[in-house]
Structure formats: structure tokens, C-alpha cells
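See below for the structure under consideration.
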Amino acid sequence: MTAYDYDLFVIGAGSGGVRAARLTALGGKRVGIAEEHRVGGTCVIRGCVPKKFMVMASDFTHQFETAEGYGWSVEASFDWAKFMESKDVEIARLSGIYAANLGKAGVDLIHGRAVLKDAHTVEILGKDQTITAERILIATGGRPWLPEDLPGIEHAITSEEAFHLPELPKRILIAGGGYIAVEFAGIFAGLGVETTLIYRGPNILRGFDDDVRAHLAGEIEKRGIKVILGCQHTSIEKTETGLLNRLESGHDIETDVVMFATGRVPHVRSLGLETAGVELNDNGAIKVDTLSKTTADNIWAIGDVTDRMNLTPVAIREAVAFHETVYRDNPQHFDYEAVATAVFSQPPVGIVGLSEGEARRTCSKGIDVYVTRFRPMKYAFTGSDERMLMKLVVDQDTQRVVGVHIVGPEAPEMIQLAAIAVKAGLTKAQWDATCAVHPTMAEELVTLKEKQTASSGAV
Ligand code: NDP
């Protein structure tokens, strides 16, 4: 019997923290978890889940347009307040389920901000409560980052506030070119908001395959988003009629809302890490080894606070690996290779594995690239000029498919399945031996025959 209050104390009840706490408690350990906001963390409360509801709400506009091509007459109107209320009820329900599941597993849930006092002690601020634990797991996630030195930045919101706007703006400008910027631009444009996306680089989604980036940029413009590339703010000024975005290009754009989606940073502020001997890396994330152990012997960290691969399913896998390593005598580290990811832009993106550029750098004997662009059957006679992109990247040496890139309807659903084949290391011949499902969009993935002759531009 230890002298500690808990065997494990988890700081942060998001996807990673909750999974680790439940598994450990179900394994018979005494576990406590602290959460300063609502149980569920970024994904459930202010990320993936409400974002996906917003994407689905806004996509109806496109569906109504398509429906007209099929002979329907649709008179539609959208009630932002009603949608927000329904969304919030569902988020509260999910948060409640997370909290209930912690309780069922026997985890003590403590509402409050936990701060490390030493390597075995946390204090719950404002509650005059001190807790000791043999081991501590930090899973505090990330928070939005804004360029604090930009004049007028106080007028900008982040995605966190975008989930709670009291009313739908008429005009919005979104700064950034990553996941969040592109997803929210699609949401607002779909809901009829005049939407401008401004990004400092040459094209959106840096790090993704160049064909994906170019294709998506073209498609979101077709959906009415004004995309301004190679440009940044010089200031934001409040006027009588809105917010004036002053841009490097010399242009001024007035909008009602300005949203910055310029990245997220590990949530480490005022956690007392130094008092416990937990060090940060150069990016300000908690430094961990491959088993998620920090520089303090009894303290581990998982999820976005470690800034390895900032995705919910990855945090959950890191939690499982932590539990296996520490409590089941089965050292495990998560394998970050071939993790599929989706951008819920409109149209959406699904990718797994290497971009063409990455593959050119890593496949020593060269690569084969297969690309197809086509109009999805659904739009055959609707007047829509939306096109789908599918791309396979194959290692010439092993003939394995090392990258799959899809932009278009259902891309996130397709990529989940394609990821099984990429993770399993299947060859192009094995993909080709798989009989098509007809008529589908996905069948193109197993019928791609023509190799692309010239590079479409490596990343
Ligand atoms: P990202 O890191 O994806 O993108 C940040 C964007 O902000 C980049 O385009 C970056 O430009 C730009 N930027 C950074 N600093 C500045 C600056 N000073 N001025 C102007 N622009 C700037 O971050 P997000 O906030 O979009 O998302 C955070 C993370 O959350 C993602 O990396 C992802 O891991 C996760 N996420 C995942 C989702 C999903 O799975 N669907 C959805 C949403 C988030 P540059 O490229 O030039 O650096």
C-alpha cells in the first residue's frame, strides 16, 4: 500500500487523459483526474465534434443546389440560433457520457485547475485541495495561438469563439491556411457568409501533397471562398460598420468577424512543470521519450501537449500505449507511420502516407504516381463543375502503395479504409487485384492504370 492518495493522477480530461484514466482504473488502480473546463477536452467541446456538426449544417446548401438538378424545388432557410442550441445540447450530452464513463470505471473526477507542486503533488487551485500520486499523466492538450504583436489582434476571435458566435456574421475573414482555417472557411461560406481566407504562404495546407493543395484551393474558390495567398495582416481596426483588415498588399477588407486560425500551442502555461522537473522541448511542448515519459521519472505526457501528431485518435493510442507500458508490463510506443487524416473542408480531403514530394525524397529507387481527376457521378447533370482528385504514390522498388490522397465527397470515409491497405504495406498489384464496386467514386482507387509521366510538382 502506497502512501499516495492515488496510483495515477491525470491532468486534463480530454480524449487522451480520459482513455488513460479509465483503462488504469479498470485495471484496479486508484485514479483521479482533474479538468478545469468541461469533460471531453478539445475534441468533444471545442474541436472535432462541434466542428463536424457545423460542417454538416453548412453542407446542406450544397445538397439543396444538387437536389435542384434532380428536379427538386427547395425553399430553405437556416436558423443559426436553433442549430447552435441543438449542437450545444448534443455536446453537453457527450460531455456527460464522458464524465459518467469515468465514474463507472471508478475514476475520481475533480473539477478545477491542477498545478504541479512537486513530482508527486498537485494542488487544485481555488479549492485548497492538495493531492498526491505515485504517477502523474499530463494530458492538457493545446490552445489557439495568435500573433499577439499584430495591432488590433484583440478584435480577432479563434475557433473557440467561433463555436459560440451569437449570430451568423454577414462577412468573415479567416487568417491561416491549415486545417482549422480551411474547415471554418468552408463552414461559413456554406452558410452563406461572405468568406475570405488569407494565407501567408503560396498555397493552403502546407505539408500536404501539392496536387491536393492546388485542387482544394480551386474547389473552395468554386464554392465562393475568396482565397488570398502570399499575404498577411498589417493591422485590424474597429470601425463603425465592422472590422477593417489592413493587408500587406495594401488592400483593406471590412468584415464583421475576423478569425485567426494560425496554429495551436501546447497548453503548458502555469502548470508548475519546472517544480516537478518536467522539461519542455524547443517548440514549447513537453519533452517525452518514445514511451511518453517526461524528464521526471514518474511523470508521463500524451496528446497535443507533447506536439507529436496532434490528432484525437493519436492521443487515444498514446494513452493506450502509456497504460500498456506502465501498468501492464508491456512497453509500447505508438507507431506514427501511415496515420490517415482528414480535413473537413468542403469538399473534404483524406490522406494517408507520403505526399509525392516526401516519397521522392525517401524512396531511393524512385516512385510511380497515379492521378485521376473526374466529375463525381452525382453531379453529372446538376451543372456543378466540382471535380474529384484521387492520387496514389507507389514506391518503385517495393511496389507498395505508400501514399493515397483524395479530395472530394466522402474522402474522409474512403481514406479510413485505404489506410488499412497502406498500413498493411499492400502493393499496387494487390490494390489492382481488388475488384471494383460499381458505380462508386472509390472504385477509381483500384482501377488506376496510367502512370503519370511528368511530376506534377514535388512538395
Ligand atoms: P495548423 O498548424 O494546421 O495551421 C496553422 C496555419 O497558420 C498555417 O497555415 C500557418 O502558416 C499559419 N500561421 C502560423 N503563424 C502565422 C502567423 N504569424 N501569421 C499568419 N499565419 C500564420 O494549425 P490549425 O490551427 O489549423 O490546427 C491546429 C492543429 O489541430 C492541426 O495541426 C491539426 O493537427 C489539428 N486539427 C486537426 C483537424 C482534423 O484532424 N480534421 C481539424 C483541426 C485541427 P504556415 O503554413 O506558413 O506555417
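Side chains included, hydrogens not; waters and symmetry mates left out as well; all remaining heavy atoms used. Indexing begins at 1, ligand by ligand and atom by atom, following the structure's order. Since we're looking at a predicted model, the values are computed, not measured.
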What residue and heavy atom of the protein are closest to atom 12 (C) of ligand 1, and at what distance?
Thr262 CA, 4.1 Å

Please determine whether any non-hydrogen atom of Ala261 lies less than 4.0 Å from an atom of ligand 1.
yes

Which option out of Arg206, Arg200, Arg264 puts a heavy atom nearest to atom 10 (C) of ligand 1?
Arg200

Ring-face cation of Lys428 near Tyr370 (centre distance under 6.0 Å, axis angle within 45°)
yes

Under 3.5 Å, side chain of Gln332 to main-chain N/O of Glu324, donor-acceptor pair present?
no

What part of Lys51 sits under 4.0 Å from ligand 1 if we count only heavy atoms: the side chain, the backbone, both or neither?
side chain

With respect to Gly178, determine whether any N or O atom, backbone or side chain, lies less than 3.5 Å from an N or O atom of ligand 1.
yes

NZ or CZ of Arg135 within 45° of Tyr327 ring axis and under 6.0 Å
yes

List the closest protein heavy-atom neighbour of atom 42 (C) of ligand 1: residue, atom name, distance to the nearest 0.1 Å.
Glu183 OE1, 3.3 Å

Return the option from Phe208, Phe260, Tyr179, Tyr199 holding the heavy atom at the smallest distance from atom 11 (O) of ligand 1.
Tyr199

Verify the ring-centre separation between Phe322 and His333: is it less than 6.0 angstrom?
no

For atom 9 (O) of ligand 1, what is the closest protein heavy atom, and at what distance to 0.1 Å?
Gly177 N, 2.9 Å

Atom 20 (C) of ligand 1 [closest protein heavy-atom partner, distance rounded to 0.1 Å]
Gln232 OE1, 3.4 Å

Side chain, backbone, both or neither: which part of Leu311 has a heavy atom under 4.0 Å from ligand 1?
side chain

Could you see which bit of Ala342 sits under 4.0 Å from ligand 1, with heavy atoms only: side chain, backbone, both or neither?
backbone

I'd like to know if Arg171 pairs up with Asp256 as an ion pair, taking the criterion as any Lys NZ or Arg NE/NH1/NH2 lying under 4.0 Å from an Asp or Glu carboxylate oxygen.
yes

Short N-O contact, Glu194 and Lys170, less than 4.0 angstrom:
no

May I ask you to check whether Tyr179 and Phe208 place their ring centers less than 6.0 Å from one another?
yes

Do any nitrogen or oxygen atoms of Ala181 come within less than 3.5 Å of a nitrogen or oxygen of ligand 1?
no

Just need the protein heavy atom nearest to atom 26 (O) of ligand 1, so name the residue and atom and give the distance.
Ile180 N, 2.8 Å

Look at the rings of Tyr336 and Phe334 and say which category their plane angle falls in: under 30° parallel, 30 to 60° tilted, over 60° perpendicular.
perpendicular

Among protein heavy atoms, which sits nearest to atom 35 (C) of ligand 1, and what does the distance come to when rounded to 0.1 Å?
Asn310 O, 3.4 Å

Does CZ in Arg19 sit with more than 12 non-hydrogen atoms of other residues, nucleotides or ligands closer than 6.0 Å?
no

Ion pair Arg387/Glu219, N-O distance below 4.0 Å:
no

Can you tell which of Ala175, Gly263, Cys231 gets a heavy atom nearest to atom 23 (O) of ligand 1?
Gly263

